[in-house]
Amino acid sequence: MIEAELRVKIRDLMASGILPRDLPPIKRTGPGEGIPGAQMLIGEQPDQVCTVCEARGPQVAYIYRGELFIVRLHTDCDELWQQERGVRPRRSTSEQP
């Protein structure tokens, strides 16, 4: 998929609620402090698929406590999601394909 298609898909996934508009609130917990809160995992997951592009091998996972879902993303898809959420500025149009 090209970047423009990924951006449209990200907006559609956010509108449908499949892709959240916010990151899970991450709280540090110590040993014996009960169920861990939301987590962010970094590292390739070769047997999983990206929530956005649906290709295998995402490198980032956001685990939402109490939400019963995990968002798995490639680093490029994560960057686009952050931009579409308004967290990071978009690259200039001269850099986009």
Side-chain angles (χ1 to χ4, degrees):
M1 282 187 184
I2 62 172
E3 184 177 317
E5 292 172 323
L6 290 171
R7 288 184 182 281
V8 168
K9 184 158 185 193
I10 288 168
R11 289 191 295 271
D12 289 345
L13 290 169
M14 287 193 305
S16 70
I18 292 171
L19 192 58
R21 293 192 177 275
D22 297 307
L23 292 176
I26 297 176
K27 176 185 167 191
R28 293 184 183 261
T29 58
E33 290 185 18
I35 299 171
Q39 300 174 30
M40 177 183 179
L41 304 175
I42 299 174
E44 189 170 358
Q45 303 160 49
D47 296 331
Q48 302 298 329
V49 295
C50 177
T51 302
V52 174
C53 72
E54 300 178 13
R56 291 203 174 278
Q59 299 96 359
V60 180
Y62 298 98
I63 302 169
Y64 287 75
R65 180 181 179 203
E67 295 293 333
L68 303 177
F69 67 85
I70 300 172
V71 174
R72 292 183 172 91
L73 303 163
H74 292 104
T75 54
D76 289 343
C77 293
D78 185 44
E79 178 68 24
L80 293 175
W81 178 44
Q82 303 300 335
Q83 290 173 12
E84 290 300 318
R85 291 178 44 239
V87 175
R88 295 189 187 133
R90 289 180 128 181
R91 291 177 272 169
S92 71
T93 54
S94 62
E95 294 177 21
Q96 295 179 5

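The chain is numbered in sequence order, starting from 1.
Between the NE2 atom in H74 and the CD atom in E44 there is a gap of 7.5 Å [rounded to 0.5 Å]. Interatomic distance, CD of Q83 versus CG of L6, reported as 11.5 Å (0.5 Å rounding).
Cluster membership for I42 and L73, using ILVMFWY side-chain heavy atoms within less than 4.5 angstrom, is shared. Hydrophobic clustering (ILVMFWY, side-chain heavy atoms < 4.5 Å, transitive): I10 and I18 are in one cluster.
Heavy-atom minimum distance, R7 versus L80: NH2-CD2, 3.3 Å.
Here the side chain of E84 pairs no donor or acceptor atom with the backbone of R11 at under 3.5 angstrom.
Counting heavy atoms from C-beta outward, V52 and W81 have side chains that stay 4.5 Å or more apart.
Listed by chain and number, the residues in a side chain to side chain contact (heavy atoms under 4.5 Å, CB included) with V49 are R56 (sequence neighbours excluded). Scanning for side chain to side chain contact (heavy atoms under 4.5 Å, CB included) contacts around Q48 gives Q45, P58, R72, with sequence neighbours left out.
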Problem set entry | Residue pair L13, K9: steps toward the side-chain contact (heavy atoms from CB on, under 4.5 Å) verdict | CA-CA 6 Å; L13 290 169; K9 184 158 185 193; 3.9 Å; yes
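Of the residues listed (I70, L41, D78, T51), the one engaging Y62 in a side chain to side chain contact (heavy atoms under 4.5 Å, CB included) is D78, and it is the only one.
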